[in-house]
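Input: a single structure, listed below in structure tokens.
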Amino acid sequence: MTEGIIVFNMTPNVLRNFFSKSATRLYPKETRETFGNVRGELYNKIEACIFCRTCARKCPSQCITVDTKEATWQCDPFVCVYCGVCVENCPKKCLYQKNEYRKPAIEKEVIFMKGEIKKEKTEEDQQEK
Amino acid sequence: MIRGAILVTIGVVVAPLLGGLIAGVDRRLTAWFQSRYGPPVWQPFFDVMKLFGKEKLVVNGWQVFCAYIYITAAMLSVVLFFLQSDLLLILFVQAVGAIFLVIGAFSATSPYSQVGANRELIQILTYEPLIILAFVGIYLVTGSFKISQVLLQTKPLLASLPLLYIALCYALTIKLRKSPFDFSTSHHAHQELVKGFLTEYSGPYLALVEIGHWYEVVLILGLCSLFWATSWIGIIVLVGLTYLCEILIDNTMARMTWRWMLGYVWTIGLAMSFVNLIWLHGR
Amino acid sequence: MDTIKTFIRKSRIKSPWLLHFDCGSCNGCDIEVLACLTPVYDIERFGIINVGNPKHADLLLVTGTVNHRNKKVLGNLAEQMPEPKIVVALGSCGLSGGVFREAYNVIGGVDKIIPVDVYVPGCPPKPEAIIDGVVTGLAKFAQKKGDTS
Amino acid sequence: MLNTLLFVLILGPFIAAALCFVVRIRHIRSFIVLAMACLLAAASLLLFVKGPFSHTPPSLLGIPTHWWILWGDDILLFTMLYYGFKHRHLLTKILVIFQIVCLDYFELFMVDHSKTFPLFVADNLSLIMVLIISIVGSLICVFAIPYMDKHEEKEGFQKSRQPKFFAFLVVIMGAMNGLVLSNNIIFMYMFFEVTTLGSFMLISYDRSEIALRNAVRALWMNCLAGAAFIVAMVCAYVTQGTVDAQKLIQAGHMGGIMLTPLALLCFAGLAKAAQIPFQSWLLGAMVAPTPTSALLHSSTMVKAGVYIALRFAPGYAGTFLSQCLAVYGAFTFLAASAMAVSQSNGKKILAYSTIGNLGLIFACAGINTPEAITAGILLIIFHAFSKALLFLCVGDIEQHIGSRDIEFMRGLYAKMPRTAIVALLGIITMMLPPFGVLLSKWMAIEAASKHLFVMVLLAVGSSLMVMYWARWAGILLSAPYGSQVTPERQGVLTRLPLLVLVGGAVVLSLCAPLLYSNLVAPILSAPSFSVRAGIFDNPTGAFLLYPVILVLGLGFICALYAARKARKARTSGPYLSGAQTKDPECFEGPMRKPVAVSSQIYYFESIFGEQRLTVWFNIFGGMFLALLIGGAL
Amino acid sequence: MARTIIPFGPQHPVFPEPLHLKLVLEDEIVKEAVPALGYVHRGLEMLADIRDYHQMIQICERVCGICSTIHAQCYCQGIEELMGIEVPARAKFLRVIWAEIHRVQSHLLWLGLFADAFGFESLFMQCWKIRERVMDINEATGGNRVNVSVNIIGGVKRDLAPDMTRWILSELDLVEQEVKRLEKVLLHDYTVKKRTVGKGVLTKDQALELGAVGPTLRGSGVAQDIRQLGYAAYGDLSYTPVVAKDGDAYSRNRVRFLETYQAIALVREAISKLPPGEISVKVKGKPEGEIVSRVEQPRGELMYYIKGNGKKNLDRLRIRTPTFANIPPLLSMLPGIELADVPVIVLSIDPCISCTER
Amino acid sequence: MKEEVISVTPDTLGNKIAEMKKNGYRFVTMSCVELDSDTVDILYHFDKNLELAHFRLTIPKNEAAPSISPVYFAAFLVENEIQDQFGIRFDGLAIDYNRTLYLEEEVQRAPYCRITVSNVEGSEGD
């Protein structure tokens with residue numbers, strides 16, 4: 001009963017907070033090392049890519065477009081959910097995720113990569129894009 | 001005359017600056033109590049300046065009118081305070097502002113604003129008798145409602161009005177819109193009423209209301225300071241400690257409901273005031 | 001007059017008030033937005049307050065996919081925000097519909113309904129990324145024209 | 001000159017009434033009422049200019065005045081008895097018969113009519129009362145002219161009852177003038193009874209069942225007051241051997257024995273002024289057309305009650321009676337304010353507010369210091385103007401929107417901008433500085449600060465009062481988003497009284513220092529305030545009237561300018577959690593249906609519910625009354 | 001008499017999610033409350049038509065961002081049962097560890113939001129401060145703070161190394177220590193009790209009749225918890241449901257608070273009993289037949305109905321989330337309470353609207 | 001399914017449900033599955049002490065199913081959901097959202113009935 005009418009039960013907690021350093025990480029000034037296996041931004045080591053389309057097929061959000069003929073690998077980072085399924089299933093292990101997140105953007109953007117494995121293609125029309 | 005002019009200037013110019021600073025310090029301290037880093041102490045000034053730069057957006061033109069009257073009344077009450085005028089008069093002038101704020105909130109049809117206005121009225125209803133009785137206590141000690149008389153006292157009022165001071169602190173909590181009594185609006189709007197009666201004020205008009213609130217904070221802390229007006233140290237210690245307590249209370253209590261407030265503050269607050277007054281009366 | 005205008009402009013960067021609207025997200029992003037307000041990230045350092053009321057807000061933080069029902073709400077909220085304002089879309093869903101963009105009740109990203117100023121990718125973006133996004137937006141915010149008279 | 005003025009002020013209305021009753025042509029009746037109103041106002045001003053006097057008029061038509069009075073009284077009482085029988089109301093019959101017996105015995109066998117003393121004595125209090133009655137009352141009569149036409153049209157009466165209505169409307173004014181000017185308390189009694197009968201006739205005007213019931217209630221309660229008055233007269237005559245009011249007041253100082261008649265007179269006043277256990281008659285009077293309520297509430301009838309209390313206040317200064325009256329008045333103030341909070345009926349709010357303010361005046365009379373008396377007198381003046389204004393506004397509003405419920409006055413500004421603003425001003429003058437009602441309340445509170453109980457009651461009561469006024473004011477301005485303000489058309493006879501009253505309420509507040517130093521201060525035993533540069537100052541406190549007016553006035557102008565400028569600002573619908581539909585007053589609810597938002601103000605039925613509180617307050621009020629009378633005996 | 005009608009939501013600062021309630025009030029007492037849903041409805045069950053049953057794991061994780069791993073777990077268990085896959089023991093224990101870590105995280109989140117609902121801001125901050133440690137565990141073990149994404153059909157993706165488990169235990173010790181400090185506040189503070197005791201009472205009979213689940217049901221005195229079925233490794237762990245009997249907001253608060261301790265204890269036990277071995281098995285074939293899979297989410301019983309027809313796309317995937325079951329009880333609690341208690345009561349069922357509407 | 005699924009018809013459903021309620025079963029949920037172009041299965045799931053019980057009701061799409069929400073109020077939400085998603089009507093719903101629980105006018109076409117509405121599938125997504 002006596003416990004029931006006690007107010008200010010929070011006081012020890014707030015006083016502890018008051019007299020100790022704040023828990024705040026002053027982010028832009030003070031950054032923390034990310035944990036080792038964080039699933040961050042997705043990249044493709046395009047020179048190793050064989051354009052097998054496994055990643056495109058396995059991707060749950062269908063953000064990867066691979067053109068086997070043109071040897072292009074394209075990923076919409078704004079659709080990607082950073083689940084890592086493509087990385088796990090990549091037969092060549094040429095896909096990898098950085099530990100960092102992609103930076104915010106003001107415009108929509110697309111990761112477009114052009115590789116050159118077997119077939120040589122004219123590059124002009126791709127450059128224009 | 002010159003002294004009067006200086007006091008008026010202090011009231012008009014310094015009071016809001018002080019009020020803004022108090023608000024900033026309040027936010028910083030609250031952050032520390034919550035283990036946060038907190039905004040810079042001059043954050044409130046940035047907020048208000050930014051609001052002045054925003055687009056004017058109104059729901060009902062009367063809101064604008066009411067915001068201006070609010071700030072005028074708040075300013076006038078502070079000026080009257082610095083001119084060491086009559087306490088009751090100050091309260092009534094302050095009430096003009098409070099009432100017009102409510103009227104402004106009523107003038108917009110948003111249910112949040114309306115409910116907030118109703119609640120604000122309940123809060124006014126709750127704190128007004130307490131403040132009036134505190135003034136009566138001051139009168140019984142000093143024989144006058146004038147602040148100038150209070151300042152002539154040689155003994156701190158707190159010694160003879162301890163319970164009334166506590167009752168006044170209830171009013172202070174309500175007026176500062178601090179937990180557990182922040183029903184009608186709150187600075188951190190995670191509550192059932194969004195921003196309560198301030199929901200429909202925006203941009204420059206919200207800035208006016210904010211500045212008016214600073215005036216009111218200064219006024220009510222000034223009223224607290226009267227209880228130890230014999231020395232500057234007394235004033236600083238008393239007001240500082242009171243404000244610190246308010247922040248602490250804000251951080252260690254859940255928001256209650258207004259029904260609870262009405263019952264609790266009226267019974268406990270009025271009983272304490274009454275006991276103190278009877279004691280004074282019997283002396 | 002000019003100094004006041006400059007000061008107002010400066011104040012804008014220092015005090016962006018935030019309105020968060022969950023526009024059909026899975027809660028992941030919302031919780032991260034809330035986490036930003038809490039001690040470890042504490043975006044109140046930047047003067048950001050979660051005001052929860054479009055009329056007070058400068059910064060609309062939208063998470064989640066837009067669907068046929070909440071698109072109206074999103075439009076309403078954006079309309080009720082006084083200028084200048086910025087819209088930040090959070091998370092894959094907010095940017096494009098993400099993993100759900102092919103579901104039948106999903107229209108797509110936030111930019112299909114209202115113009116978006118900053119896109120913050122991630123599923124969900126970490127609080128640090130949200131802070132980055134807001135900071136990116138602020139630069140844009142200061143330059144926007146408002147009523148500085 | 002004085003004779004003419006007194007004739008015009010007291011008997012003029014009776015003659016006008018007779019004309020109204022006889023001449024059945026609408027336009028002529030209107031003209032008579034208008035002319036009478038002008039005449040009364042002019043006469044009252046002239047009388048005012050003449051200043052205080054004491055005067056005995058020559059006998060009328062050669063018959064001694066006391067015979068006129070006796071006949072008048074008997075006619076009055078028998079009329080009341082007739083109505084008592086007609087409505088089969090036992091209590092009324094008993095009270096009236098008691099009065100007839102007492103009065104006739106008293107007048108015929110006890111009073112020595114040969115003693116001469118001034119029959120009419122006017123000090124500043126009386127003059128103020130005459131002014132209020134004649135000016136505010138006349139304005140109400142003028143307002144009634146177009147109002148009653150519309151009213152009868154709406155009610156669909158077969159035959160116009162306006163002749164009788166206007167007759168009694170003006171009669172009450174004459175009676176009130178007589179009451180406040182009389183020095184002979186038998187005169188006072190007669191005029192007192194005329195107001196009783198007049199109010200009965202006015203309340204029963206609609207002749208609906210409820211109107212009759214309420215009218216009868218008003219009748220018996222006021223008869224009770226009359227009976228108390230008679231007993232008081234008899235007692236006073238037995239102890240002092242005179243019916244000279246001035247003498248009685250002076251006699252009060254002599255001690256205990258004089259207290260009984262004074263207590264009974266106060267009782268009569270309390271019942272007349274509808275203080276707590278008697279409040280039901282005034283609330284019931286709300287069924288009558290608005291001019292009736294306006295007249296009864298602002299300048300006449302209930303003011304007779306407080307006038308008596310204030311008039312005899314010096315007589316009981318410093319006694320237990322006085323203390324008791326102070327607490328009782330403060331209690332009524334609190335109780336009426338509390339009950340007003342639970343009301344949504346505009347007229348009822350006004351009624352409770354009247355009861356509360358009268359309670360405050362009684363409290364002032366009870367406190368009985370110069371400050372308190374000042375407060376009481378000023379309150380009578382300011383209250384009369386503001387309250388009459390508000391009643392007329394409610395009447396006008398009711399005729400336009402078909403309801404007197406304040407919930408239906410939402411968005412009134414859009415429908416009737418002019419009336420809405422006038423009503424708003426009326427409300428503000430009732431509760432906020434720098435206006436007169438608040439000035440007098442400030443004085444009352446400062447005067448009461450030594451009386452602990454009174455103080456606590458006043459403190460709580462005044463904040464309750466702020467509550468019910470403020471929300472009403474807010475509601476008047478709340479308009480649906482985007483609604484266009486339609487200009488309002490108003491007849492000149494409607495607009496004129498409203499404008500004069502609102503002007504009066506505002507300008508008189510500005511003139512408060514003048515009113516005080518020229519009118520109130522001379523009657524006081526000691527000056528209560530020193531007035532300099534519009535600052536009321538005494539050792540207890542200071543009210544910086546002109547500085548406050550100046551600053552708030554400037555703020556008001558700025559605010560108006562800003563609001564005007566803000567018309568160009570972008571408008572946006574109210575915040576509805578983002579769910580608003582194309583119509584910004586609706587939100588999209590469940591099942592995709594648009595739901596119109598609505599809001600209701602809080603009436604706290606569970607805390608301040610009228611039913612609940614009335615019982616308790618009546619018990620307390622009864623106890624106070626018993627204490628008041630019992631203590632005095 | 002006109003009543004106050006308030007649109008409570010879809011955008012409202014007290015709800016992080018768009019729930020809409022049409023509230024009809026009289027003197028701030030709720031007379032009528034009608035919910036409107038559909039602001040978060042995406043139709044993701046339908047995505048089973050265009051995504052194969054492996055990809056659906058990622059989608060199920062994104063049904064809800066607070067208990068994502070448990071959704072995936074439920075889905076995977078369903079498919080595994082349908083295809084007759086026996087999951088390695090270590091994987092089962094790992095699933096329990098992640099599920100319970102998620103429960104700690106979710107309950108701390110909820111305790112914070114609940115505190116926020118009755119305006120206790122510093123308590124909200126405190127809960128979320130503690131929660132950040134749990135989020136760190138998520139990020140360190142799964143690579144993402146929210147979508148840990150460890151479950152796959154046939155086991156789990158990631159293993160926990162011994163030094164990682166040690167670190168988890170030490171972090172959880174800190175968490176438990178901090179949570180203990182809040183016990184006095186959340187369970188015994190006068191103001192908190194005043195705002196929660198007796199608010200939104202749901203009796204035992206009502207709770208069962210209206211189909212309440214999880215802490216809402218256990219707060220009404222019914223000791224029912226899907227973990228009692230012993231799915232994953234729960235059969236090997238000591239576990240009894242936490243029950244409180246009053247059925248009010250306070251009881252639900254109490255259940256969740258004590259479950260936080262329990263979840264930490266379960267993680268400790270699971271780590272101590274963690275068997276060695278494989279963490280996943282290879283999956284062959286396509287799901288065929290229908291199955292109901294149930295697990296205990298932080299919010300209560302989660303039910304997946306899966307129907308496969310031997311193709312890589314499922315025939316039907318239906319998700320019944322705990323909040324979906326808790327909404328009818330919520331509606332029975334709302335009338336008659338004060339407006340100020342609406343957030344408290346709505347949050348007391350721990351609503352997850354994105355779960356509900358999918 | 002591990003547990004037996006008892007088939008019911010619209011006529012026997014009412015009795016069965018009432019019996020379940022009498023026996024103290026908790027209503028878990030209903031699942032609706034499209035069988036072919038004309039019929040759907042509605043599965044009713046109940047639970048008592050963690051034991052599941054299921055009923056299967058097979059009805060044509062154009063026929064209204066009897067609502068069990070008068071017996072189990074908790075069912076109103078899921079029945080409304082099925083109305084939205086499959087276009088099956090329920091008779092006697094406790095709170096009938098009339099196919100507006102989730103959907104707006106834009107998607108008023110029983111999205112889960114893929115076989116009958118396959119011709120408009122093209123408009124899905126973006």
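Residue numbering restarts at 1 for every chain, and letters A, B, ... go by the order of the sequence lines.
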ask   = For the candidates Leu123(E), Leu339(E), Val185(E), Val192(E), which exhibits the highest count of non-hydrogen atom pairs separated by less than 4.5 Å from chain B?
value = Leu339(E)
note = Cut-off 4.5 Å, heavy atoms of chain E, and the answer for Tyr112(B) is side chain
request  = First locate atom OG1 of Thr252(B), then atom CD of Glu121(E), and finally report the distance between them rounded to the nearest 0.5 Å.
outcome  = 12.5 Å
query = Salt bridge check: are Arg119(B) and Glu28(E) linked by an N-O gap of less than 4.0 Å?
reply = yes
key: Whether Arg255(B) side chain and Phe120(E) backbone form a donor-acceptor pair below 3.5 Å   = no
message = Measuring only between side-chain heavy atoms, which start at C-beta, is Ile29(E) closer than 4.5 Å to Arg259(B)?
response = yes
ask   = Step by step, would you call Lys129(E) with Gln34(B) a side chain to side chain contact (heavy atoms under 4.5 Å, CB included)?
value = CA-CA 9 Å; Lys129(E) 184 182 127 192; Gln34(B) 296 172 349; over 6 Å; no
message = Within the supplied structure, the quantity of interest is the number of heavy atoms (other residues, nucleotides, ligands) at a distance under 6.0 Å from Tyr261(E) OH; does it exceed 12?
response = yes
request  = Find the distance between CE (Met125(E)) and OG (Ser35(B)) and round it off to the nearest 0.5 Å.
outcome  = 10.5 Å
query = With a cut-off of 6.0 Å (strictly less than), are more than 12 heavy atoms of other residues, nucleotides or ligands near NZ of Lys194(E)?
reply = no
task = For Trp42(B), look at atom CH2 and say whether over 12 heavy atoms of other residues, nucleotides or ligands are found less than 6.0 Å away.
result = no
ask   = Atom CE of Met256(B) and atom OG1 of Thr191(E): how far apart are they, to the nearest 0.5 Å?
value = 6.0 Å
request  = Given side chain to side chain contact (heavy atoms under 4.5 Å, CB included), test Glu338(E) with Trp260(B) step by step and report yes or no.
outcome  = CA-CA 12 Å; Glu338(E) 280 185 65; Trp260(B) 183 85; over 6 Å; no
Ser122(E) side, atom OG; Met253(B) side, atom CE - distance, nearest 0.5 Å = 11.5 Å
